[in-house]
Structures are given as C-alpha cells and as structure tokens.
Amino acid sequence: MTVEPMGDWRRTHYSVDVTPDKSGESVILMGWVQDIRDLGGITFIILEDIKGKVQITVPRDKVNPSLLSKVESLQRQFCIGVKGKIKKMPKAPGGAEVIPEEIKILNVAKHPLPLDLTGKTPAKIDVRLDARPLDLKRSVNRAIFKIQQVTLESIRSFLSERGFIEVHTPKIIASATEGGTELFPVAYFGREAFLAQSPQLYKEELTIAFEKVYEIATFFRAEESHTRRHLSEFVSIDIEAAFSTQEDVMKILEELIRFVCKSVSEKCVKELEVLNHKVEVPSLPFKRLTYTEVIEELADLGFNIPWGEDISTPAFRKLGEVHKGFYFITDWPREAKAFYLMPKSDDPKVCEAFDLMWSWIELASGGTRIHLKDLLIERLKEKGLHPESFQYHLKAFDYGMPPHAGWAIGLARLMMVLTGRSNIREVVLFPRDRFRLTP
C-alpha cells in the first residue's frame, strides 16, 4: 500500500468545527480512522482527532474510482487526511458530515491491533502499558490527562499569585537528599552519583535568595514496594517558604487543594463525565489529628501500634473508613521523620511534621525545617548520617538561613483522587516501577 506525503495539505478544521452552519465550506481534516461502516451503496468513515469525531460519508456512485479504491483499503487506526465539503446532515454526529473529494493515506496501522480502542474488549493494565501510545487514545485516558493539565495550570497559577518563584533543581546529585538506601546510582565521569529523591535540600537553600520557591519535577526513588500507589519515577510538587512554620504551609496546602478541586470541577465537566467521577470541593480548614490521637483512635479500632512506630497500610485503610476526604496528621515522632524537620520546643520527642491524607492514602508531607546549623548536624548524627557528606548543604547555613517550612505532593496520587482511579499507573503516561522499564 502506498503511503502519501502531506505535501502542501494543512489542516483547516478540527472535527468539532464541522457544524451545520458551515454547510458548503471546504475543509481539510487530519486524523485517524476510528471506524468504517460499509452499507453497500455508501460508506461511512468515522475520523477521530484530538478534539473529537466526525463522519466522512462516501456515496460510492458519486466519487471517482481512485478515491473509492483508497476507501476500500482503509482500516482502523490508519492516519489519513481528508479534503472535502461540509454537508448538513441531521442524522450525522454533530448534525453535519464531510463529503470527500480527496483522501490521503498518511500512514498505516498493523493489524490486528493489540487493543480494542472502543473499550468493548477490556485489556489488563500490563497489556495496555505495553501498547501505551495506542492505549492513550482511549477517551478515559485523554480525560485523565486533560484533568492533569488543568491541575498543573491551577497549581502554577495559585503559587505564582502568592509570590512563589518556580525553580529547577539538579536531578544528578552527589549524596542522598534524605539519607537511606532508596537511591539509583549513576556513572558520572568516573565517579558515582545518584538520581535525586527530592529537591529538599536545594529548595531550602533557595529560600535565602528567593524566600518562596516551588518546583514541579520528576524525581526517583528505588523503593522495593510494588503496590498500586508506588512508582520508581514520579512527579513531585514542592514548595519551600521563608519565615514560615508548619501551620503556615499547611494553610497554603489546604487552600491549594481546594483551588485545584474547584478548577477541575468547573473546567473538566466533560472529562469527569467520561470518567464517571465527581470531584467534591472540600471545605476549609481540613481536619487536623495528631499522630498520638491517631494511634489512640486505631487502638480503639483494633490496631495496637506502639507509640513511635510507623502506621501500617491496613491501619491506614481502617482510618480512612472513619475519616473521609482530606485531613492532616500532625506532630509525628521525631525519629519517624527526616533529619531536617524541626523538633517541637515543648516536646523534643515530636517534630513539627505533617502528612496530608485523603481517606487512607498519603498525598503530601511537610513541616517546619531546621534552620540552625548545630541542631541540623546533631540530627544528622542521630540518624546515622555523616555531616561531611552534607558539607555543601551545611555551608548554606553560614549565610543567614531563615526559618522556613515546606511540603511536597505526589502529583500521581493527587491525580488518583481527582480522577477516581485506583492504580497509580493509570495516571502516569509511561510509568516506571520495579518491573517496568519500557516502553
């Protein structure tokens, strides 16, 4: 089969532009064959583009043989261009169709296709991810990533209006950001380096120059976990604000979440309908529970967790049955959190740290940071970390480090909430985990 070049053809209209009031207008459409129906004397081609679908109607006795030959060779997912005229047709989708004068086959698709794009034959997640570019054409996936676009636009707008500057920190680093072994090593000109787990130390340092910063970027964590909410490569939304405390940035976070939910509910009506999901706009302030209160509540629910220990997933699930929607867990045990979080002055066993939960899923974490060099060195040693490995970060504390606080949200987990998906891989274009490195 001959594949043709576009030549001087350029799209003049999208599918949504084919309307009854434009009857008689000439158009050039570009897209993919979504379906073909041959009724003998007439053939209907459903052409799909990024904005929707349009009917191309081919009356066999009124078109030239060369065009008819091309129509007969078409299959689903062929990429084509159509030059023709709009015709008002009440029975057609949108009340209008296009009668073609010329069709160009711009590329072909190999059959059988690995997926049924209509969704009538469901496919397992791994099969879909193996053919991800094709899978992303499904209407549910397009809806998910349109909502993601609105989410990111809303986040940037919200933070920029509040004086935050967007920054981009290094992703190749010399030592662990937060300690631990969850690092991917990389060869770096004869030395060992690592992929960044977070922008934490850099964003703290940047408060000296810019006071309020945010970053939306990809980070990496070599976790052994293989669950529906863990990935090895993820997008994090981080902020850091000078002259702020835990409570200050919690307020920013809950206001941001409310702003995003409102934006998505108002701007993504069609997409939410496709997903059969509703985004509730939460009221403020979010409920605040201390770690100690949560431990006591879980004991009443049958989970006896010693104070200071991590809360297990089954315990969180039970907690999510009691506390619907968004809520904070604050005042975590000092030893359960990272070295850079500020111990509480009235109870040194506890630090000024919080997690933002939605039902049983942790969406964000943050808190007040240590801005005093000697205390930070002390905490590094307590965590079994070597201060000399953090010498460049510690230097910043000689330059007048301000009191500061911040948080980080996992974008994919937030998208699970906003789209009603239960598997984090559904809301990432090309997910990476322990077992998946392709496509």
Inspect the contact between [Y] and [X] and indicate whether a charged nitrogen and a carboxylate oxygen are less than 4.0 angstrom apart.
X	Y	value
Glu4	Lys70	yes
Arg436	Asp126	yes
Glu224	Arg434	yes
Arg229	Glu362	no
Lys344	Asp331	yes
Lys318	Glu321	yes
Glu48	Arg76	no
Lys171	Glu215	yes

* Pick out which of Met89, Lys85, Lys88, Lys91 makes a side chain to side chain contact (heavy atoms under 4.5 Å, CB included) with Glu97. =>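 In the set Met89, Lys85, Lys88, Lys91, the residue that makes a side chain to side chain contact (heavy atoms under 4.5 Å, CB included) with Glu97 is Met89.
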
* Among all residues two or more places apart in sequence or in another chain, which pass the side chain to side chain donor-acceptor pair (under 3.5 Å) test with Asp21? -> Thr19

* Please identify each residue that fulfils side chain to side chain donor-acceptor pair (under 3.5 Å) with Arg60, with sequence neighbours left out. =>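 With sequence neighbours excluded, Arg60 shows a side chain to side chain donor-acceptor pair (under 3.5 Å) to Asp38, Thr43, Glu72, given in chain and number order.
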
Could you state the interatomic distance from [atom1] ([X]) to [atom2] ([Y]), rounded to the nearest 0.5 Å?
X	Y	atom1	atom2	value
His371	Ile208	NE2	CD1	11.5 Å
Tyr202	Glu204	OH	CD	12.5 Å
Asp355	Phe316	CG	CZ	6.5 Å
Leu136	Ile144	CG	CD1	9.0 Å
Arg421	Arg425	CZ	CZ	15.5 Å
Phe354	Thr330	CZ	OG1	10.0 Å

* May I have the step-by-step check of side chain to side chain contact (heavy atoms under 4.5 Å, CB included) for Arg413 and Val417, ending in yes or no? => CA-CA 7 Å; Arg413 289 191 181 184; Val417 173; over 6 Å; no

* To do: Determine, step by step, whether Phe78 and Ile105 satisfy the side chain to side chain contact (heavy atoms under 4.5 Å, CB included) criterion, reporting the C-alpha distance in whole Å, the side-chain angles of both residues, the deciding distance to 0.1 Å, and the verdict.
  => CA-CA 7 Å; Phe78 275 30; Ile105 299 177; 4.2 Å; yes

* Which word best sums up how the rings of Phe158 and Phe259 line up, parallel for under 30°, tilted for 30 to 60°, or perpendicular for over 60°? -> tilted

Before we go on, tell me: are the rings of [X] and [Y] under 6.0 Å apart, centre to centre?
X	Y	result
Phe390	Tyr340	no
Tyr291	Trp307	yes
Tyr327	Phe286	no

* To do: Count the heavy atoms of every other residue, nucleotide or ligand shown that sit under 6.0 Å from CZ of Phe243, and state whether that count exceeds 12.
  => yes

* To do: Assess whether atom NZ of Lys287 is packed by more than 12 heavy atoms of other residues, nucleotides or ligands within 6.0 Å.
  =>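 Yes, enclosed.
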
* To do: In sequence, state the C-alpha distance, the side-chain angles, and the governing distance for Thr245 and Glu247, and then conclude on side-chain hydrogen bond (donor to acceptor under 3.5 Å, both in side chains).
  => CA-CA 5 Å; Thr245 65; Glu247 188 57 40; over 6 Å; no

* To do: Would you name the heavy atoms of Leu195 and Phe220 that are closest together and state the gap between them?
  =>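 So the minimum-distance heavy-atom pair works out to CB-CD1, 3.6 Å.
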
* Evaluate the criterion side-chain hydrogen bond (donor to acceptor under 3.5 Å, both in side chains) for residue pair Glu352 and Thr368; output intermediate values, then yes/no. => CA-CA 6 Å; Glu352 295 185 30; Thr368 307; 2.7 Å; yes

* To do: List the steps, then state whether salt bridge (charged side-chain N to carboxylate O under 4.0 Å, His left out) holds for Lys251 with Asp248.
  => CA-CA 5 Å; Lys251 189 171 186 294; Asp248 296 322; over 6 Å; no

* To do: Begin with the C-alpha distance, continue with both residues' side-chain angles, and end with the deciding distance and a verdict on side chain to side chain contact (heavy atoms under 4.5 Å, CB included) for Leu29 and Asp49.
  => CA-CA 9 Å; Leu29 305 173; Asp49 59 27; 5.5 Å; no

* To do: Check step by step if side-chain hydrogen bond (donor to acceptor under 3.5 Å, both in side chains) holds for Trp407 and Ser365.
  => CA-CA 6 Å; Trp407 45 251; Ser365 62; over 6 Å; no

* Sub-3.5 Å donor-acceptor pair from the side chain of Lys262 to the main-chain atoms of Val281, do we have one? -> no

* Partner residues of Ile216 under the side chain to side chain contact (heavy atoms under 4.5 Å, CB included) criterion, sequence neighbours left out ->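 Residues passing side chain to side chain contact (heavy atoms under 4.5 Å, CB included) with Ile216: Leu152, Ile155, Arg156, Tyr214, Val235, Ile237.
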
